[in-house]
Amino acid sequence: MASSSYRTSRETDLLGWRLKVGEDNHGQHKWVYLPEGPAREAWPQSKGDKYAIGLEMDMPDLPQPKTYMDGARNGLAFYKELQAEDGHFATEYGGPLFLIPGLIVALSVTGQALRPEQQAEMRRYLLAKRRPEGGWGLHTAAPPTVFGTVMNYVALRLLGMSPDEEPMTEIRALIHKMGGAVCIPTWGKTWLSILGCYEWEGMGPVPPELWLLPDWVPFAPWRWWVHVRNVAVPTAYLYGIRFIGPITPLVLSLRQELYTQPYSSIKWAKQQTNISPLDIYNPHSRTLDAVHAVCHIYEHLPSLPYVSSLLPIRKLALKRVYQLLTYEDENTGYQTIGPVSKAFNMVARFAGEGADSHAFKQHMIKVENFLWMGKDGLMMCGTDGSQLWDLTFIAQAMVETGLAEEEGNRKCVEGMLGWLDKAQIRENPPHFESAWRHRTKGAWAFSTPEQGYVVSDCVAEGLKAAMSLQSLSNTSKNITVDRMRDAVDTILSMQNPNGGYASYELQRAGEGLEIINAAEVFGSIMIDYLYPECTTSALSALVHFSKIDPSYKKKEIAMTVEKAIKWIKTDQRADGSWYGSWGICFTYATMFALEALGIAGETYANSDNVRRACDFLVGKQKEDGGWGETYMSCVSLEYVQHDTSQVVMTAWAILALIYGQYPDKTVIDRAAKVIMGRQKKDGRWEQEDTEGIFNKNCAIDYPAFKFIFCIWALGRADKYLRE
Ligand code: LAN
């Protein structure tokens, strides 16, 4: 690979990096760099730090496992070393390759910069993730696109690389070969316009007036999927004011570097619909292009250059979107829901209130939460971490397999429980209905309580983990039944009329809204869809809870569960599988669905649905006994076999088949052998291919899964094979 050979004096001394957790708030990650000297000695690198950065950990060889349970135990012995001092398991959350560029442009136009050591490590990361084809794709596993290549090139330039050094000249040649930045997708057009390397006229309008629509309008923005809404709000603001950063010599140079023709000769209006076919997953609908064309006329009335600031309605609309983005900042401790809106909101607050404002300063502080120092350098993560999510599964795995009660694991268990206790969100958001938020009382968020967004399956798995850990005799019981009831109320509030569960909210509009999906690179994003994964988590949490507190909302819970199971059955595909939207792919979702059916008492012996599902999975078992799907399953909606089996998918398949009580145990035995065969002497498994997905087209890594699900599957298989 052209990139991995790139080594310069710009790299930092890896022994200087340490992860600080929860400094200002619960569960936050912050990587600090200590210069050589007493400071370093006073604060030694932890094993977790070393693991994250890829340094030697000096772990002892463990006793050779004789049973699958021994393998699970060894796996946990290693994984436990990665538990942070506040009780959660900190890890990176990489994959998407559009996050660093957004941040770096945002910092650049607001006159800020990362610390030199952060810049150096970010350059290293980007260069390491460059593909053999020479550029970058939407995510680390995908081939180059215009979006990925242009934006990461720009990021490297803003991070100090010169246009004449290698591999910048090579990358630029590729950009030109792909047609230049004129055909970058809308999102890239937005960032480049903000930076001053593209003209706002050349992108599909995002009229802030949309946010003045009354709520009953079927396509009003409050109905959009929460991520889309939260990216669209600051984008509309920045578009509305035509924000452009300072035109520096670097910006002027980029205007020359990114295009195949002189910048001044580009017909910008024509570029609105010029999107590279390499980048398109979801083409514009004709309706969207027509709406854009009309909006374009409105935006460019000849008598009103930039209609914007002149019309009272635009002024009103800008005020409204600014208010909404302020609410979002305040609800999330200035992190916003995710890293994309984070960078846009930062620029918007800078534009609105300046670099000295409290809001902008808070934004700067919270940038750190998204950065992670990995073995290839400093990355920006898909969220501010996956703290809660990872913890809930290892907790349940440990309790189910009995590992939680084994000697030596008590501290680990108490640490997790303590973390969960503090991570439960006790109130609704400060800006609640005014910000169109769903209730959060009793919820758990995917990462930290400060981020504060309820996700149906996160509150559900959070509750399941709390119930499991607290069911042990020697654990603290701080999460009271009243607090569990709050969580249950939140779960109940999230069921849709047909029984299914979406991600963050109830469905607020129909699928027809995809007609105005302008993202090009993502599919099925405009509304919150219903997912078998989320539905299973929700219903299983309710069932577990009803055993602890049988009288609470007994009828309502029973009805909710029944409807949820019915919905899951309707979502089963003709081939017996379920499509997974958050993990890869059919293996992942089928595991969840079989958990749900198992809870309903349905097994291979008595249920056609379970039989078809198990047969589907078994039909995909690879010759070596393992399973492996690639992210292309999610993209193409059809099962795509990986060249090699993957431990994570093998573990999911084992868990799934045992939920379904699959009768031919040799299938499970062979699979467990694959997982055992890949385990190292110190108990770890090495990272294999990516495990997660979102929006149909973007892979995202869940590095903790190789530990969590392998431990869980081995422990469960051990028991099942003995039965
Ligand atoms: C996530 C990560 C977790 C995931 C699960 C909990 C696993 C899922 O079951 C429900 C949806 C959720 C919460 C989810 C939604 C979309 C996220 C936040 C992500 C995949 C992580 C990154 C992604 C987000 C949209 C990335 C930012 C990019 C934009 C295009 C706005």
Side-chain angles (χ1 to χ4, degrees), residues 91-103 138-139 147 185-188 190-191 224-235 281-282 328 332 335-345 370 380-393 438 443-448 451-462 494 500-505 517-526 528-538 578 580-585 588-589 591-592 631 634 690-702 704-705 708:
T91 184
E92 63 182 58
Y93 193 33
L97 281 175
F98 45 79
L99 304 176
I100 288 180
L103 174 68
L138 189 64
H139 53 97
F147 184 38
T186 299
W187 197 351
T190 310
W191 276 122
W224 302 358
W225 187 41
V226 64
H227 275 281
V228 171
R229 208 160 81 211
N230 277 316
V231 170
V233 166
T235 311
Y281 180 71
N282 188 80
E328 168 68 355
T332 59
Q335 297 189 90
T336 81
I337 190 170
V340 177
S341 48
K342 162 77 188 167
F344 281 124
N345 271 25
F370 291 91
M380 185 159 185
C381 298
T383 56
D384 60 326
S386 51
Q387 290 86 330
L388 178 278
W389 194 238
D390 293 335
L391 188 145
T392 64
F393 291 117
H438 196 90
W444 277 274
F446 177 70
S447 53
T448 59
Q451 190 264 4
Y453 267 90
V454 58
V455 188
S456 62
D457 52 7
C458 296
V459 52
E461 298 296 342
M494 298 185 88
Y501 275 79
S503 59
Y504 294 80
E505 292 165 345
N517 174 357
E520 295 119 15
V521 297
F522 295 133
S524 303
I525 54 166
M526 290 307 297
D528 210 337
Y529 288 86
L530 307 182
Y531 306 104
E533 303 99 304
C534 298
T535 309
T536 297
S537 296
W578 282 263
S581 298
W582 307 112
I584 297 171
C585 173
Y588 181 73
M591 167 181 72
F592 278 92
Y631 80 92
C634 309
T690 184
E691 307 85 353
I693 191 80
F694 60 93
N695 304 348
K696 297 253 169 344
N697 198 31
C698 190
I700 185 158
D701 309 331
Y702 287 80
F705 281 7
I708 298 168

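Predicted model, so just to flag it, every value in this text is computed and none were measured. Numbers here simply count residues along the sequence, with the first being 1. Order of appearance sets the numbers: ligands from 1, and atoms from 1 within every ligand.
Looking only at distances, a side-chain donor or acceptor of Asn517 sits under 3.5 Å from a matching main-chain atom of Ala519.
For ligand 1, the polar-atom distance check against Asp457 finds a nitrogen or oxygen pair separated by under 3.5 Å.
Heavy-atom proximity to Trp187, at under 4.0 Å, picks out these atoms of ligand 1: 30 (C). Residue contact check: Tyr702 has heavy atoms under 4.0 Å from atoms 2 (C), 3 (C), 7 (C) of ligand 1. Those atoms of ligand 1 with a heavy atom of Phe522 less than 4.0 angstrom away are 30 (C). Each of the following atoms of ligand 1 lies closer than 4.0 Å to a heavy atom of Phe694: 20 (C), 26 (C). Using a 4.0 Å cut-off to heavy atoms of Val340, the atoms of ligand 1 that qualify are 27 (C), 28 (C), 29 (C), 31 (C).
Listed by first and then second residue, the side chain to side chain donor-acceptor pair (under 3.5 Å) pairs that reach into residues 451-460 are Asn230-Tyr453, Glu328-Tyr453, sequence neighbours excluded.
Nearest to atom 31 (C) of ligand 1 among the protein's heavy atoms is Val231 CG2, 3.7 Å. At the shortest separation from atom 3 (C) of ligand 1 among protein heavy atoms lies Phe446 CE1, 3.3 Å. Of the protein's non-hydrogen atoms, Gly382 O, 3.6 Å is the one closest to atom 22 (C) of ligand 1.
For Tyr588 and Trp578, the ring centers are positioned 6.0 Å apart or more. Phe393 and Tyr702 have their aromatic ring centers separated by at least 6.0 angstrom. Between His139 and Tyr631, the gap from one ring centroid to the other is short of 6.0 Å. Ring to ring, Trp225 and Phe522 are not that close: their centroids are 6.0 angstrom or more apart.
Taking all heavy atoms of Phe344, Trp582, Tyr501 into account, the minimum distance to atom 16 (C) of ligand 1 is reached by Trp582. The option with the heavy atom closest to atom 1 (C) of ligand 1, from among Trp389, Tyr93, Phe98, is Tyr93.
The proximity of Cys458 to ligand 1, defined as any non-hydrogen pair under 4.0 Å, is limited to the side chain. Residue-level proximity to ligand 1 for Tyr531 is absent, since no heavy atom of it falls below 4.0 angstrom.
Phe705 places a side-chain heavy atom less than 4.5 Å from the side chain of Asp390. Residues Trp444 and Glu461 fail the side-chain proximity criterion, which asks for heavy atoms closer than 4.5 Å.
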Original post:
Given the rule in the side chain to side chain donor-acceptor pair (under 3.5 Å) test, do Thr186 and Glu520 qualify, once you have shown the distances and angles that lead to the verdict?
Top reply: CA-CA 7 Å; Thr186 299; Glu520 295 119 15; 2.6 Å; yes

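By the 4.0 Å heavy-atom criterion, His227 is counted among the residues contacting ligand 1. Between Tyr504 and ligand 1 there is a heavy-atom distance shorter than 4.0 Å. For the ligand labelled ligand 1, residue Gly338 lies outside the 4.0 Å heavy-atom shell.
For the pairing with Tyr531, the ring pair (Phe, Tyr, Trp, His ring centres under 6.0 Å) check across Tyr501, Trp582, Phe592, Phe694 returns one residue only, Trp582.
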